[in-house]
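First the structure, in the form of structure tokens, and then the observations on it.
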Amino acid sequence: LQMPPTRPLPAAQVAVIKQWIDEGADWPDTASGDRPAAPADPGATRLMEAIRAGDAARTAALLADAPETVKQRGPNGVTPLMYAARRGDAGRLRQLLDRGADPNAADDGGATALMWAVTSLEKTQVLLDRGANVHARSADGRTPLMVAAGLPGAAPVARLLIERGAKVRDRGPSL
């Protein structure tokens with residue numbers, strides 16, 4: 001498809017757009033409705049790096065020194081719990097949840113730790129047992145069940161989500 005779909009823009013309008021891009025193409029957030037991203041918390045970022053590296057001793061030390069980091073956010077609004085859901089194990093999830101991590105916190109794209117965990121039945125179970133919302137929707141309209149349904153080998157996770165109330169007939173994002 002060509003944009004705009006009806007007909008090409010006049011050359012004068014194309015020139016204005018090209019100049020705007022050449023000058024840095026600042027988009028006024030107030031006009032777009034976008035909110036500027038919150039700065040990443042350095043403590044949360046260090047904790048996520050330790051989780052990603054699988055460094056249990058460093059993770060424990062960071063949590064002992066600054067237990068509030070489980071509630072902070074790193075780049076793009078990602079939480080340490082989301083990193084543990086993707087990179088850690090079920091024990092790491094429990095460790096963070098026991099220290100107050102919110103199983104329903106969403107990143108800047110609306111994804112929750114449950115959406116990050118659907119590659120693992122055990123981690124999905126832990127999050128559901130701790131109150132993760134099976135009906136959560138990302139900014140593009142995906143639910144944990146939709147994410148799991150798109151992954152090879154995730155049928156056991158999909159079954160668990162359905163057992164916990166996920167709606168099979170939910171409509172996904174419009175493409």
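These numbers come from the heavy atoms of this one structure, side chains and all, not from hydrogens, waters or symmetry mates. Index from 1, following the sequence. Because the structure is a prediction, the values reported are computed rather than measured.
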Original post:
Closest approach of A105 and T79, non-hydrogen atoms and distance?
Top reply: CB-CG2, 4.1 Å
**OP:** Taking the side chain as every heavy atom from C-beta outward, state whether L114 and P103 have any atom pair closer than 4.5 Å.
**Re:** no
Original post:
Is L127 close to L97 at the side-chain level, that is, under 4.5 Å between some pair of heavy atoms?
Top reply: yes
Original post:
Can you check side-chain contact (heavy atoms from CB on, under 4.5 Å) on R142 and R137, steps first, answer last?
Top reply: CA-CA 5 Å; R142 287 179 171 79; R137 283 190 178 273; over 6 Å; no
**OP:** Please report the C-alpha distance between L160 and Q125 in whole Å, then the side-chain angles of each, then the deciding distance to 0.1 Å, and finally whether the side-chain contact (heavy atoms from CB on, under 4.5 Å) criterion is met.
**Re:** CA-CA 8 Å; L160 175 61; Q125 180 77 51; 3.6 Å; yes
**OP:** Measure from the side-chain N and O atoms of N133 to the backbone N and O of H135, and report whether any donor-acceptor pair falls under 3.5 Å.
**Re:** yes
**OP:** Applying salt bridge (charged side-chain N to carboxylate O under 4.0 Å, His left out), run through D129 and R164 and close with a yes or a no.
**Re:** CA-CA 10 Å; D129 289 348; R164 293 296 188 95; 2.6 Å; yes
Subject >> Considering all heavy atoms, the nearest N104-G131 contact >> reply: ND2-O, 3.0 Å
**OP:** Show the numbers, then the answer: is there a side-chain contact (heavy atoms from CB on, under 4.5 Å) between R58 and R46?
**Re:** CA-CA 9 Å; R58 179 145 170 76; R46 284 189 295 277; 3.9 Å; yes
Original post:
Do side-chain atoms of N76 reach the backbone of G109 as a donor and acceptor pair under 3.5 angstrom?
Top reply: no
**OP:** Write down the atom of I51, the atom of P80, and the distance for their closest heavy-atom approach.
**Re:** CD1-O, 3.7 Å
**OP:** Might you work through the side-chain contact (heavy atoms from CB on, under 4.5 Å) test for V118 and L161, ending with a clear yes or no?
**Re:** CA-CA 9 Å; V118 296; L161 292 168; 4.3 Å; yes
Subject >> Side-chain donor/acceptor of S120 to backbone N/O of A117, under 3.5 Å >> reply: no
Original post:
Do M146 and L121 belong together in a cluster built from hydrophobic side chains that touch within less than 4.5 Å?
Top reply: no
**OP:** Show your reasoning for whether salt bridge (charged side-chain N to carboxylate O under 4.0 Å, His left out) applies to R130 and D98.
**Re:** CA-CA 10 Å; R130 297 294 187 97; D98 288 347; 3.0 Å; yes
**OP:** Identify whether L128 and I162 are in the same connected component of the hydrophobic contact network (ILVMFWY, side-chain heavy atoms under 4.5 Å).
**Re:** yes
Original post:
Does R99 use its side chain to pair, donor to acceptor, with the backbone of Q95 at less than 3.5 Å?
Top reply: yes
**OP:** Give a yes or no answer on whether the side chain of K123 reaches the backbone of A113 with a donor-acceptor pair at less than 3.5 Å.
**Re:** no
**OP:** Mind listing the closest non-hydrogen atom pair of G74 and A44 along with its distance?
**Re:** N-CB, 4.2 Å
**OP:** Please examine the side chains of V78 and R73, heavy atoms only from C-beta on, and report whether any two atoms are closer than 4.5 Å.
**Re:** no
